[in-house]
K.L.:
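Take a look at the following structure, please.
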Amino acid sequence: MPHSQLRIVIVGHVDHGKSTLIGRLLNDTGSLPDGKVEQVREMSRKRGMPFEWAFVMDALQAERDQGITIDTTQIHFKTRQRPYVIIDAPGHTEFLKNMVTGASQADAALLVIDADEGALEQSRRHAFLLHLLGVRQVAVVVNKMDKVEFSSRRYEAVAQEIKDYLAELGLQPRAVIPVSARNGDNIVTRSELSDWYLGPTVIEQLDAFRPQQTSPDQPLRLPLQDVYKPDDRRILAGRIESGRLRVGDTLHFSPTGASAKVVSIEAWNHPETVLSAQAGQSIGITLDKRIFAERGHIAHHQADAPTLAHRLSVRLFWLVSDPLVVGKTYTLKIATAEHRVTVEQVTAVIDVEDLSSTPGKAVRRNEVAEVVLRSRSPIALDLASDLPRTGRGALIDGNDVVGGCLVVEIEDAAAANI
Ligand code: GDP
């Protein structure tokens with residue numbers, strides 16, 4: 001059976017070598033259009049500039065802008081194991097927004113760190129974002145090892161520092177790989193220059209990652225996207241974010257408390273109706289009776305209901321130049337629901353360098369904070385640590401995504417489905 005595609009992101013401080021690594025991965029797996037590298041080499045030579053893998057990426061981008069070939073915001077390559085998609089080009093302005101809103105869901109991440117410079121503020125901020133976004137499979141790529149003569153001591157120092165930082169976020173890297181992206185060491189082929197390193201190459205580590213699976217044994221969460229009435233039927237449609245459901249199950253809906261039995265399930269990728277469906281599938285269901293249900297409501301089983309909350313503590317990442325301020329009202333989008341929320345308190349602004357925190361009144365661009373939000377209407381949600389897909393949200397101001405957040409605590413939980 002062919003392995004399904006793995007979605008990865010490549011993050012790290014500017015100039016630490018992300019584009020170079022991507023160029024290498026594409027080249028060394030034979031995924032670039034024929035002649036592209038030679039063409040860019042020749043162009044660089046004519047202009048008297050050293051060849052850069054980033055130019056290859058730029059050339060592909062230019063072709064895309066002319067509508068010709070490759071979409072570099074979705075870069076594809078293949079190993080013998082499986083196809084990959086790099087879901088956003090580094091430096092792309094929409095990158096953080098897409099990740100924060102869940103528009104791009106990564107299965108795994110590579111965090112690139114310059115061996116000479118070590119982890120800088122942006123490296124830590126990106127590591128923090130991976131934690132915030134729930135990307136659990138992370139490998140660190142210690143790049144530019146050629147600049148430090150493949151010194152194992154330098155590698156150890158950089159590796160230890162970033163491992164300590166990640167450990168504080170509850171993240172354990174699957175591997176810390178010493179590479180030279182420019183020269184191709186330990187990307188696809190093992191380098192003779194690092195005989196002291198026994199771990200995987202970048203490609204071996206990528207192939208060892210698993211598609212992020214939400215276990216069907218988790219509580220069922222089916223946030224409704226739409227309700228359709230194609231004929232005399234009424235179909236409730238949505239994507240199962242966790243758990244599974246079967247024909248005959250009694251479903252409960254939050255926040256309304258309505259309930260009904262599942263009569264049929266249609267999976268969009270399946271020609272006939274099915275008897276059960278699970279996390280990751282987009283489905284439509286019909287029910288045995290007519291209940292009030294609309295976009296934003298979450299279907300679940302009675303035993304494992306989401307919490308209904310009016311006050312919640314979130315860990316927040318702020319994206320825009322207008323700061324978040326206490327007393328202001330935003331729209332919180334969580335799964336398919338939207339609620340008006342007011343910022344009640346900024347409990348702590350977190351310093352991403354050392355993860356220390358201080359109380360504050362505002363949160364500025366690129367800052368991380370713990371914030372208490374209050375909503376008049378009850379919000380059906382989960383703690384991000386329990387169920388990330390229904391425990392993560394985006395804050396919206398007008399039409400702009402201004403922040404991303406994880407639900408870390410429910411401050412005032414009304415009992416579910418009273
Ligand atoms: P990005 O901003 O993270 O995408 O970084 P780039 O890939 O554009 O690389 C920034 C600079 O570092 C470029 O001049 C690259 O040639 C250089 N660079 C990248 N990888 C290596 C490497 O393995 N060794 C050395 N010596 N330089 C590298």
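From a predicted model like this one, the values you see are computed outputs, not experimental measurements. Position 1 is the first residue of the sequence, and the numbers go up from there. Note that ligands are numbered from 1 as they come in the structure, with each ligand's atoms numbered from 1 the same way.
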K.L.:
For Ala181, state whether at least one heavy atom is located under 4.0 Å from any atom of ligand 1.
P.N.:
yes
K.L.:
Can a salt bridge be assigned to the pair Asp114 and Lys147 using a cut-off of 4.0 Å between side-chain N and carboxylate O?
P.N.:
yes
K.L.:
Salt-bridged, Glu117 to Lys144, with N to O below 4.0 Å?
P.N.:
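Salt bridge flag = no for Lys144 with Glu117.
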K.L.:
Are Arg221 and Glu241 within salt-bridge range, i.e. N to O under 4.0 Å?
P.N.:
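Between Glu241 and Arg221 there is no salt bridge, as every charged N stays at least 4.0 Å from the carboxylate O atoms.
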K.L.:
Between Asn186 and Ser194, is there a side-chain donor-acceptor contact under 3.5 Å, judged purely by atom types and distance?
P.N.:
yes
K.L.:
Considering all heavy atoms of both residues, which atom of His16 and which atom of Gly118 are nearest to each other, and what is their separation?
P.N.:
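Looking at all heavy atoms of both residues, the shortest contact is CE1-O, 3.4 Å.
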K.L.:
For atom 13 (C) of ligand 1, state which one of Met57, Gln122, Glu52, Met145 supplies the nearest heavy atom.
P.N.:
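Selected option, by shortest heavy-atom distance: Glu52.
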K.L.:
As an exercise, identify every atom of ligand 1 less than 4.0 angstrom from a heavy atom of His13.
P.N.:
3 (O)
K.L.:
Is the closest N or O pair between Leu21 and ligand 1 shorter than 3.5 Å?
P.N.:
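Not met; the criterion fails.
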K.L.:
Does any N or O atom in Lys147 lie less than 3.5 angstrom from one in ligand 1, N or O only?
P.N.:
no
K.L.:
Hey, is ligand 1 close enough to Gly17 that some N/O pair sits below 3.5 Å?
P.N.:
yes
K.L.:
I'd like to know if Glu38 pairs up with Arg45 as an ion pair, taking the criterion as any Lys NZ or Arg NE/NH1/NH2 lying under 4.0 Å from an Asp or Glu carboxylate oxygen.
P.N.:
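So Glu38 does not pair with Arg45 through a salt bridge.
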K.L.:
Checking Asp397 side chain against Tyr330 main chain: does a donor-acceptor pair fall under 3.5 Å?
P.N.:
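Checking the backbone N and O of Tyr330 against the side chain of Asp397, no donor-acceptor pair under 3.5 Å is found.
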K.L.:
Given Arg24, Lys144, Lys18, which one has a non-hydrogen atom that is nearest to atom 3 (O) of ligand 1?
P.N.:
Lys18
K.L.:
Residue-level breakdown please: for Asn183 versus ligand 1, do any non-hydrogen atoms fall below 4.0 Å on the side chain, on the backbone, on both, or on neither?
P.N.:
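Near ligand 1, Asn183 shows nothing, with every heavy atom at 4.0 Å or more.
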K.L.:
Side chain or backbone of Asp15 under 4.0 Å from ligand 1, or both, or neither, by non-hydrogen atoms?
P.N.:
both
